[in-house]
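Atom set for the values below is all heavy atoms of this structure, side chains included, hydrogens, waters and symmetry mates excluded. Indexing begins at 1, ligand by ligand and atom by atom, following the structure's order.
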Amino acid sequence: MPHEDRIKELLGRMTTREKLGQLQQLSWAWDTGPGASAGTAQAETAAREGLLGSVLNVFGAASGNALQRIAVEESRLGIPLVFGLDVIHGYWTTFPIPLAQAAAFDPAVAEADGATSAREARSNGVHWTFSPMIDVTREPRWGRIAESFGEDPYLTARYAAAKICGYEGHDLGSPDRIAACAKHFAAYGGAEGGRDYNTVDVSEQRLRNTYLPPFQAAADAGVATFMASFNTVSGVPAHGNAHLLTGILKQQWDFGGVVVSDWAGVHELLVHGYAADAADAGRLALTSGVDMEMVSTSLAEHGEELLSAGHITQQRLDDAVARVLRLKFRLGLFDRPYVDEGAAVAAPTASARSAAREAAARCMVLLKNDAAALPLDLKASTIAVIGPFADSGDLLGAWVLPDAQRRFPSGTVVEALQAAAPQARIRHARGVEAEGDARDGIAEAVAAARAADAVVVVVGEPPALSGEAATRSGLGLPGAQEELIAAVAATGKPFTVVLVAGRPLTIGGWLDSAAAVVMAWHPGIEAGRAIADVLTGAVNPGGKLPVTFPRSAGQVPVYYNRENTGRPYDPAQPDVKYVSKYVDLADGPQFPFGHGLSYTTFATGEPQLSRDRIAASALRAGATVDVTVAVRNTGSRAGDEVVQLYVHDLVASIVQPVRRLRGFHRITLARGESTVVRFTLAAADLGFWTNDPTGEFVVEPGAVDVYAGTSSSAEGRSRLMIT
Ligand code: NOJ
């Protein structure tokens with residue numbers, strides 16, 4: 001029987017309580033051993049009674065099968081459970097954090113992570129991941145920037161589609177695929193002050209032009225589920241936001257999948273001061289478009305009374321249940337509810353590790369490299385490797401399985417450099433800890449630097465300082481790490497800094513003193529080897545910043561795709577007072593979006609347009625403009641360049657960003673090699689959303705500057721007239 005018929009047939013047999021049960025997701029215990037927590041018992045009882053749709057945080061194939069057996073064999077209708085877990089950047093094989101992945105400017109990296117994660121997770125009984133997180137954010141203080149793909153809607157949209165494709169493939173029923181979840185819908189990355197869960201007040205045009213494009217791309221890519229976000233959106237919590245969840249997502253985008261709440265997000269409608277009581281919270285969530293309630297139990301407890309009082313409709317209830325059942329059918333759970341415990345992937349395979357290593361090195365960004373300080377001279381007889389992260393196995397990143405951290409920590413830089421330069425003497429000194437005030441180790445670090453032929457300092461931010469609920473008010477290196485750098489600098493020895501972090505940091509205080517700086521992010525399980533690959537030149541770095549590096553936390557938000565003010569700062573006239581600037585800080589970012597160097601150099605030509613005029617009506621009818629850019633490797637070794645295409649609509653009915661990324665290509669060129677990179681601009685690239693709440697996308701006549709180059713500061717420009 002086709003799925004839709006089976007869904008109808010099941011709906012016909014289900015009681016209201018059983019229907020409400022399908023909309024309930026509970027959390028399993030983190031501790032599944034003896035002494036299993038109340039969460040486990042609650043899930044088992046609900047499963048047995050047929051009053052449970054889904055469970056999150058079930059660990060291990062055997063635990064999953066045992067719980068599934070209760071639902072399938074002991075409940076009245078035998079409807080299988082769907083198991084969800086946050087598999088964000090790896091299950092056993094931890095890939096670099098998503099923000100790092102975005103720096104590769106190569107969505108295939110996210111697809112590889114998604115496919116590896118899906119294979120490992122599904123074999124362990126996980127059917128559904130709460131990923132990708134595709135919240136565009138301009139807030140480096142926000143810890144969850146680590147989980148994001150950065151500040152740009154276009155880049156994030158491309159990554160969203162790739163990661164979903166990696167997780168889901170073509171058939172959710174296959175034993176190596178899982179359902180994905182586009183989260184957090186929507187505008188969560190706009191949290192005021194970067195404080196997690198905080199207010200977001202956003203105009204319709206900004207919502208649609210900045211925050212929604214990745215979500216629309218996710219819907220277009222066929223993502224199975226969406227998750228509502230914790231924040232309010234212009235005064236209305238996302239969990240009770242019918243405009244977002246129903247108007248835009250389910251009606252305009254025709255999304256047929258499941259909308260899951262975030263953890264107790266339905267209950268939080270009360271805390272926000274939006275729902276009067278738990279029943280009201282359940283009513284608001286369901287009628288606004290939430291289909292499944294994570295952890296809180298408003299609908300399960302109050303759904304029947306809401307239905308009999310006419311506060312929710314039978315039609316909407318059945319629609320939500322049908323969406324949940326459809327997901328289970330698509331996952332093949334009715335036919336194959338259990339996994340083969342003997343086939344569960346128990347450790348990273350060699351090929352998964354090598355994919356993670358390649359990905360991590362591909363994500364690294366060479367921020368600075370004076371006088372070709374890097375790659376390291378491997379003939380150096382002594383290399384000092386200094387800093388609290390030099391021998392750290394804690395470089396997996398913000399969101400890993402607790403067991404993965406314990407069993408499969410990241411490899412260290414010290415170990416990997418020693419393996420890459422076996423004849424060299426690696427002298428390691430921590431100097432200082434990642435956090436805290438102790439400075440006693442600095443003298444030893446200085447001595448190591450003095451005695452070495454090459455000096456590498458590995459500093460940054462531990463993963464515990466990024467991710468959920470890890471907002472920082474300052475963006476400098478924590479603890480006494482900046483003092484460590486200053487002490488190393490005072491030796492007069494040239495040194496390289498490797499930065500590990502889940503966010504952009506403010507590095508202006510010591511940047512000039514370092515000969516070279518590599519942004520390595522939190523690189524995952526293969527951290528050590530991937531960093532060594534880049535330091536030694538085995539991999540020529542080609543990543544680019546997916547997020548602006550501010551000069552100071554007080555400058556945040558600072559992002560490339562800003563609007564012009566009526567009084568922009570003009571670098572040619574730095575002393576003019578009444579312009580948009582800080583009186584105590586140099587203008588502009590430390591490093592712009594899209595910045596990143598290589599061990600070779602490239603020359604890029606002006607963008608060439610296939611036509612310099614086009615009618616708006618032709619664009620709307622599907623016509624396009626081709627843009628070609630010549631690129632040449634002008635240096636002495638092979639390397640990667642990311643050619644980036646930006647547009648600026650000069651005069652529009654809504655002030656347009658000074659630049660908007662509309663295309664990128666990461667290419668590899670041999671020494672002396674040239675190529676021509678081709679982009680296509682269509683209506684979707686040249687138009688924008690207005691403030692019309694029903695959704696209006698316009699392509700207006702006028703001049704558009706098209707920029708191409710190797711960062712968001714690219715100067716190569718051509719002009720397109722839209723008539
Ligand atoms: C809360 C987080 O906001 C969300 O991203 C995550 O998926 C859920 N918790 C489940 O762990």
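Close approach of ligand 1 to Lys183 is summarised as follows: ligand atoms under 4.0 Å from at least one heavy atom of the residue are 4 (C), 5 (O), 6 (C), 7 (O). Per-residue contacts place Phe130 under 4.0 angstrom from the following atoms of ligand 1 (heavy atoms of the residue considered): 7 (O). For ligand 1, the atoms closer than 4.0 angstrom to any heavy atom of Asp262 are 1 (C), 2 (C), 3 (O), 4 (C), 6 (C), 8 (C), 9 (N).
Residue Met133 does not touch ligand 1, judged by heavy-atom distances below 4.0 Å. By the criterion of a heavy-atom distance under 4.0 Å, neither the backbone nor the side chain of Asn57 is placed next to ligand 1.
In terms of the side chain to side chain donor-acceptor pair (under 3.5 Å) criterion, Thr129 has no residue partners (sequence neighbours excluded). Annotation: salt bridge (Lys or Arg N to Asp or Glu O under 4.0 Å) contacts of Glu204 (sequence neighbours excluded): Arg208.
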Stepwise side chain to side chain donor-acceptor pair (under 3.5 Å) test for Trp128 and Thr225
CA-CA 9 Å; Trp128 178 17; Thr225 71; 3.0 Å; yes
Apply the test side chain to side chain donor-acceptor pair (under 3.5 Å) to residues Asp113 and His89: give CA-CA distance (whole Å), side-chain angles for both, the deciding distance (0.1 Å), then the verdict.
CA-CA 7 Å; Asp113 166 7; His89 52 111; over 6 Å; no
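Each of Phe185, Tyr188, Tyr211 was scored for a side-chain contact (heavy atoms from CB on, under 4.5 Å) with Ser229, with one residue passing: Tyr188.
Looking at Arg144 next to ligand 1, an N or O pair under 3.5 Å apart turns up. The shortest N or O to N or O distance between Asp86 and ligand 1 is under 3.5 Å.
Between the side chain of Lys19 and the backbone N or O of Val321, no donor-acceptor pair lies under 3.5 Å.
By the 4.0 Å heavy-atom criterion, His184 is counted among the residues contacting ligand 1.
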